Amino acid sequence: MYGLISMLIFSGAWLWFFWDMLPGLLELWQSPEFLYCWLVPLVVVFMAVQRRMRFRPPKSFSPALGYFFLALGMGALFWGRGNDSQAFIFLSMWLSLSAGVFLFNGNGSFKIYFFPLIILSFAFPKPYLVDLLVRTMQAVGAKVTMLFMPVLGIPSSLDGGVARLGRVFLELPDAFSAMRYGVAVILVGVLSAYWLHRVFWSRAVLVVSAVPLFILASSLALSLFAALDWGMSRETARYYLDNLYLPVIGVLFAIFFIAANVLLKKAAGNAGWPIIKSSSRTRLSRRLDVTIDPRPLYHLIFGALVLVAVFFVQVGI
């Protein structure tokens, strides 16, 4: 009962505090490159429950980490408001939610909830950083594509933001439109590494390799378009570009990514599903058992009051 009341109070205060910012966030979620954001909260809840089953909750309780995240969140909010920075406002939303988790569960829950909270940060996209990632992936993808052209016997050149592939001239944003899904690719790499691998180095390699494999898949798919245009007909190549280009990238990336997973698992010697483990009902109940403690209620109410106070300060009341 204490936990339910405290979570409802803090969640209500968080929603009220950030209410005017939610439309901008949900508008981003409607974009094709950010549709994955709708699934992130569900993944985070599943992961949090799963990790709570694996790690025993600490006996001691201290909310200091929650207050630290709350202070960071308010600092990010004032900076974002003052500099009209949507990225810092979204950062403030994530930090404030993280503060609520640690105010309720205490410092000792850091090991349990920090990684799910990192995954939750993907639900608060930073358009400037995403644009930077996309432009970098497009530039690298263009150079990789140029390496395939001599093999296919197709004349090519790269002049600034325009790529010449045989008889076709394409601007990089059009040629590599799939790169806008770069953040989703990174998230797939992170979740796959977390759920499918035990060894740290294999997890790190898989995460780091996700974007290069996606760039390779995009470059091969674009090279196929150039080959169709050069060796067959403009109509066939255009049909491929309009209807089959993105599915081909998806298939190629899936093949490369699955192959990378298999090779890394064999190299690390960690077959199986390391995170999902069977457990008895007794063990599950024991791990999910929450001791009735009024302290989280007090700290979350105080955190909610901080949000209310900061709201009135920023509106000048």
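Quantities reported herein were computed from a predicted structural model and do not represent experimental measurements.
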For Trp201, enumerate each residue passing the ring-ring contact (aromatic ring centres under 6.0 Å, His included) test, keeping only those at least two apart in sequence or located in another chain.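 So Trp201 forms no ring-ring contact (aromatic ring centres under 6.0 Å, His included) with any residue.
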Work out which heavy atom in [X] is nearest to a heavy atom in [Y]; give both atom names and the distance.
| X | Y | answer |
| --- | --- | --- |
| Phe114 | Phe69 | CE1-CZ, 4.4 Å |
| Met179 | Gly141 | CE-CA, 4.5 Å |
| Leu152 | Ser223 | CD1-O, 3.8 Å |
| Ser92 | Met74 | OG-CE, 4.3 Å |

Atom [atom1] of [X] with >12 non-hydrogen neighbours under 6.0 angstrom:
| X | atom1 | result |
| --- | --- | --- |
| Trp230 | CH2 | yes |
| Asp159 | CG | no |
| Phe68 | CZ | no |
| Asn83 | CG | yes |

Using atom types as modelled and distance alone, determine if a side-chain donor or acceptor of [X] lies under 3.5 Å from a backbone N or O of [Y].
| X | Y | result |
| --- | --- | --- |
| Thr136 | Leu132 | yes |
| Arg164 | Ser157 | no |
| Trp14 | Met93 | yes |
| Arg180 | Ser177 | yes |
| Arg51 | Lys111 | yes |
| Ser192 | Gly189 | no |

With a 4.5 Å cut-off on side-chain heavy-atom distances among I, L, V, M, F, W and Y, is there a chain of contacts connecting [X] to [Y]?
| X | Y | value |
| --- | --- | --- |
| Leu42 | Val190 | no |
| Trp38 | Leu191 | yes |
| Leu129 | Trp94 | no |

With sequence neighbours excluded, what pairs up with Arg167 under the salt bridge (Lys or Arg N to Asp or Glu O under 4.0 Å) test?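 Expected list: Asp229.
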Under the ring-ring contact (aromatic ring centres under 6.0 Å, His included) rule, what pairs show up with a residue in residues 232-255, not counting sequence neighbours?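 Qualifying pairs, neighbours excluded: Phe214-Phe253, Phe253-Phe257.
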Within the 4.5 Å heavy-atom criterion, are Gln138 and Pro173 side-chain neighbours or not?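 The answer is yes; the side chains approach within 4.5 Å.
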When you compare the side chain of Leu25 with that of Pro125, does any pair of heavy atoms fall below 4.5 Å? yes
Let me confirm one number: the CG-CE distance from Leu222 to Met149, rounded to the nearest 0.5 Å. 6.5 Å
With side chain to side chain contact (heavy atoms under 4.5 Å, CB included) as the test, would you mind laying out the steps for Leu187 and Ile119 before giving the verdict? CA-CA 8 Å; Leu187 181 59; Ile119 300 301; 4.1 Å; yes
